[in-house]
Amino acid sequence: MTAAQQIVDGLNAPQREAVEAIEGPLLIVAGPGSGKTRVITHRIAYLVRVVGISPYRILAVTFTNKAAREMKERLQHLVGERADRLSVSTFHSFCAGVLRRDGKHMGLESTFTIYDDEDQMNVVKQAMEQVDLDPKRYPPRAVQGVISRAKSLLMDSHALRQGHQSFFEERAASVYQRYEELLARNNGVDFDDLLLKTVQLFRDHDDVLASYHRRYIHVMIDEFQDTNVAQYALAKLLAGGHRNICVVGDADQSIYSWRHADIRNILSFQKDYPEARTVTLAQNYRSTAPILNAAKGLISANRMRLDKELWTSQSEGHPVVVHELYNEEEEAQFVLGEVDRLGKEDGFRAGDCAVMYRVNAQSRVLEEACLRYGVKYRLVGGVRFYQRREVKDVTSYLRLIHNPDDEVSLSRVINVPARGIGQRSLEEVRRWAQGQGLPMYQALLKMAEGGGADPLLSARVTRLVSGFVDLLLGLTEESRRLDVVDLIDAVLERTGYQAYLQHRYEDSEERWENVRELRNAAQEFRELEPPEGLGLLLERQALVADVDSYEESPDAVTLITLHQAKGLEFPVVFMVGMEEGLLPHFRSRDNDQELEEERRLCYVGMTRSKERLYLLRSFRRGFMGGNAPSGPSRFLYEIPRDLTASPAPAPTPQRSSWGMWEPPAPSPRPKPDVDGLKTGQKVRHATFGEGIVVSCAPSGDDYEVTVAFDGAGVKRLLLSYAKLDRLG
DNA sequence: CAGTGGAGGCTTTTT
DNA sequence: GCCTCCACTG
């Protein structure tokens, strides 16, 4: 078999077409489960092995490190060691590389710091203070949001000032300008800058762009529906010469518009590349027909979309289970009961199952239930490793050593561990530095040298700060000869960080473990010459959300938000909280575009499932301390009824061999005899038929009625919605 | 300056 | 209900 045959072997017709379409622009519209990654990787393999393109000349860009890693692994299988020469990276790390190399044109030293959200907020607050904007009236979070959006639209502060669309934006523009000045002074960039400054660099420096044109002659962009304007501009610039640009995406899976992703990029692509070929991958290899058709039914309710006629050859399958539980505890209990049952009856393992939810707050009840029933679980997300306070403290020292202009990190560590330099002292130092016209770090050095001789400084501050400066100078000196692991050890030792943790935190053990983990992560860069290892560790720290996520465990249930579930698949998926207010989320209620995005989010969740799909809702839900009835999600009504089913009688979870099982607390029973509906009253319900009232209790402004129906079992209903006819 | 308690706040979060 | 941020007290 020739290489070409080998590569296209086993691909369906459109997949093959996409792989073989190597000249010029190509848009691949890839439905869920349609073998998208397969097509991208095989297309690259085809370029390398059949067309003979050097892997060195191919650039593939993804959004996540995980996607990049997976792609590389698959490519290693397809093209062997030549895969090492391919450029497969995320937008942000690609840009970071460009700016490390050529950022000097943009006023950046190669040691620049990449600020995360937390650092960004600190700088925004500082900038707001300096332009005299009251954080009570202008929430820094919102100001930061405006700045970030502007950057993603490639607007600098002047452009925002010109093009502001509200008073708020106008004020934010002045913060933006100050914010930029601060970042520049810190030799720092934020996430958005990585993209923005790279685009600006390419636009303003033809020679730099030309060097990338010489290198890359094929560019591929994954998850194209998630690109923002800056990312699209970047892709377009890179493809400028050769126009060999291949983008892959699915507008129905666009769920990040709130992070400024812009589906209109797909339209822009067709306009900018009128000669582009479009290939649609419509065959779904993941889900059974009932699941796929249920998802299709749902998504067809979106008005702003083009239909794709997805299909599957797996015509047989279980119907989608739609079920209502009383509250979130019962919902969680039902999930675990089903996990148990599916294990016993159908041979699924806990690791085959994922529970998906709209907001992180929903995970707690699920975790508790897992603990109670002794089911292992893997919680995806939560507080990210590198974001933990103790990890951030230590990396701030490292950042400062690497980039002494980084005042954000300086301010963070100058009093951690506590050394008597509080807010006031820091202000004093800051003001003094400003008076001297010196950057902070320089000012500190000068202060330490002067040894308290300056009449504008208190002796106390000078003494304390000098101690800190000595510490820093010592560490900086060490950093020239120590590898990055030893450097971390030196930081920990000289700062007395472990003792500080023990003194300050109850959970110091765990925190210390995290610090150790950071040290572990640094091992990878141990062999490198001093400044390089540190630089790479810091870049990893900034651009990789999590240390390589734990091993997938075959007997752990996955708990995950719908957003994070994108790109994954599971044999069994439980979507919990299918309620108005949660999915769709109440913040999206009054906006059609946002509502459609919620629907896409629901669609993404449903299409993660291969064999079994459960859509669960609870009748009452605790929310912000309160506990209120919640209505079924409108999305439930958009799924064709003939594809759904009610579950078998609710199973009780069984105790696992290693688990500590306790019977769940009984649900609170409402009191009888309210509003004329007495216990024992016969009633008729439009859907559930005839039944007998078990109880009735006030619930907010309403009444909650529990009815034992003849056919449909016991239901708890809200009187105002339920329309119960009294019989007899 | 540092540690504590009350008020407010609150989707999602690839990088 | 829980976490974060700020203001106040020791």
Side-chain angles (χ1 to χ4, degrees), chain A residues 61-69 89-96 114-118 120-122 125 135-136 139-142 145 148 151-152 189-195 222-223 225-228 230-231 253-261 328 356-365 368 380-384 386-387 389 415-426 460-461 464 503-505 539-546 560-568 577 581-589 594 597-598 600-602 604-605 621-627:
Chain A
V61 187
T62 64
F63 273 79
T64 66
N65 294 293
K66 187 160 172 274
R69 195 170 52 230
S89 73
T90 65
F91 271 106
H92 290 84
S93 69
F94 174 78
C95 290
I114 300 170
Y115 288 129
D116 65 18
D117 290 356
E118 189 192 3
Q120 258 182 75
M121 283 303 290
N122 287 334
K125 282 179 192 158
K136 294 258 159 53
R141 182 90 258 155
S148 171
K151 288 187 175 185
S152 77
V189 298
D190 60 28
F191 281 127
D192 300 306
D193 280 337
L194 290 171
L195 305 166
D222 191 15
E223 303 284 14
Q225 76 281 352
D226 290 335
T227 51
N228 63 28
Q231 285 158 332
Q253 293 184 67
S254 161
I255 55 175
Y256 282 106
S257 75
W258 53 277
R259 292 201 45 141
H260 318 125
E328 57 257 71
M356 301 181 185
Y357 38 83
R358 180 65 176 78
V359 303
N360 280 307
Q362 288 172 265
S363 71
R364 236 192 71 233
V365 180
E368 282 166 4
V380 181
V383 185
R384 290 204 282 284
Y386 287 120
Q387 220 169 281
R389 173 172 280 183
N415 202 35
V416 174
R419 46 178 77 88
I421 310 172
Q423 253 338 280
R424 269 202 129 75
S425 308
L426 186 59
R460 183 177 168 281
V461 167
L464 292 170
H503 164 73
R504 192 148 192 270
Y505 297 103
E539 186 154 316
R540 154 81 61 91
Q541 185 270 137
L543 297 180
V544 178
D546 234 319
I560 191 170
T561 65
L562 288 164
H563 281 91
Q564 294 194 106
K566 198 178 81 171
L568 305 178
L582 254 188
L583 187 68
H585 196 272
F586 67 93
R587 299 273 288 241
S588 310
R589 194 175 34 194
E594 291 180 26
E597 180 149 319
E598 295 288 305
R600 291 194 293 270
L601 189 55
C602 185
V604 164
R621 184 165 297 272
F623 191 60
M624 287 192 206
N627 183 290

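This structure is a prediction, so every number in the text was calculated from the model and none was measured. The chains referred to below are lettered A, B, ... by the order of the sequence lines, with proteins before strands, and numbering in each begins at 1.
Salt bridge E594(A)/R587(A): absent, no basic N to carboxylate O contact under 4.0 Å.
Contact between the side-chain N/O atoms of N65(A) and the OP1/OP2 oxygens of dT15(B) is found at a separation under 4.0 Å. Look at Q564(A) and you'll find a side-chain N or O under 4.0 angstrom from OP1 or OP2 of dT14(B). OP1 or OP2 of dT12(B) lies within a sub-4.0 Å distance of a side-chain N or O belonging to N360(A). Regarding contacts with the backbone of dT15(B), every side-chain N or O of N228(A) stays at 4.0 angstrom or more from both OP1 and OP2.
The 5' end of DNA chain B is approached more closely, in terms of each residue's nearest nucleotide, by H503(A) than by the other of H503(A) and H585(A). Annotation: of the two residues near DNA chain B, G422(A) and K566(A), the 5′-most nearest-nucleotide partner is G422(A).
The distance between atom CG of D192(A) and atom P of dT14(B), rounded to the nearest whole Å, is 14 Å. Straight-line distance from the CZ atom of R389(A) to the C1' atom of dC5(C): 11 Å, rounded to whole Å. If you take CG of L601(A) and C1' of dT13(B), they are 12 Å apart, rounded to a whole angstrom. Spacing between atom CZ of R141(A) and atom P of dC6(C) amounts to 13 Å, rounded to whole angstrom units. dT13(B) atom P lies 13 Å from atom CE of M356(A), rounded to whole Å. Protein atom NZ of K136(A) is 10 Å distant from nucleotide atom P of dG9(B), rounded to whole Å. Between the CZ atom of F94(A) and the C1' atom of dT14(B) there is a distance of 18 Å, rounded to whole Å. Note: CZ (R358(A)) to C1' (dC10(B)) measures 13 Å, nearest angstrom.
The two residues H92(A) and F191(A) make their nearest non-hydrogen contact at CD2-O, 3.5 Å. Residues S148(A) and D192(A) come closest through the heavy atom pair OG-OD2, 2.9 Å.
Distances were taken from every side-chain heavy atom of R364(A) (C-beta onward) to each of dT12(B), dC2(C), dA2(B); the shortest belongs to dC2(C). Checked against dT15(B), dT12(B), dA2(B), the side chain of H92(A) finds its nearest nucleotide in dT15(B). The side chain of S588(A) lies closest to dT11(B) when the candidates are dT14(B), dC1(B), dT11(B). In the set dT13(B), dC1(B), dT11(B), dT11(B) carries the atom at the smallest distance from any side-chain atom of V359(A). When the nucleotides dT13(B), dT15(B), dT11(B) are ranked by their closest atom to the side chain of E594(A), dT11(B) comes out on top. Considering only side-chain atoms of T561(A), the nucleotide from dT14(B), dT12(B), dT15(B) that sits closest is dT12(B). Relative to the side chain of R424(A), the nucleotides dA2(B), dC1(B), dT15(B) differ in distance, and dC1(B) lies closest.
Checked by distance alone, R587(A) brings no side-chain donor or acceptor within 3.5 Å of a matching partner on the base of dT12(B).
Residues Q231(A) and V61(A) have side chains not in contact (no heavy-atom distance under 4.5 Å, counting atoms from C-beta outward).
Comparing the P positions of dT13(B) and dT4(C) gives an interatomic distance of 15 Å, to the nearest angstrom. Rounded to a whole angstrom, the distance from the C1' atom of dT14(B) to that of dC3(C) is 24 Å. Annotation: dC6(C) and dT11(B) have their C1' atoms spaced 25 Å apart (nearest Å).
Looking at heavy-atom distances under 4.0 Å, R589(A) makes no contact with the nucleic acid at all. Residue contacts for Y256(A): at a heavy-atom cut-off of 4.0 Å it reaches a base atom on one of the strands shown. Nucleic acid contact for N415(A): sugar-phosphate only, since backbone atoms but no base atoms lie under 4.0 Å from a heavy atom of the residue. No contact: E597(A) has no heavy atom under 4.0 Å from any strand.
The CD1 atom of I560(A) lies 5.0 Å from the CG atom of L568(A); values are rounded to the nearest 0.5 Å.
Remark: ring of W258(A) overlaps the six-membered base ring of dT12(B) in a stacked fashion, centroids less than 5.5 Å apart, planes less than 30° apart.
Within a 6.0 Å radius of CZ in R419(A), more than 12 heavy atoms belonging to other residues, nucleotides or ligands are found.
Tested against H563(A) for a side chain to side chain contact (heavy atoms under 4.5 Å, CB included), the candidates V604(A), L601(A), N360(A) yield a single pass: L601(A).
Under the 90° criterion around 0 for the glycosidic angle, dT11(B) counts as syn.
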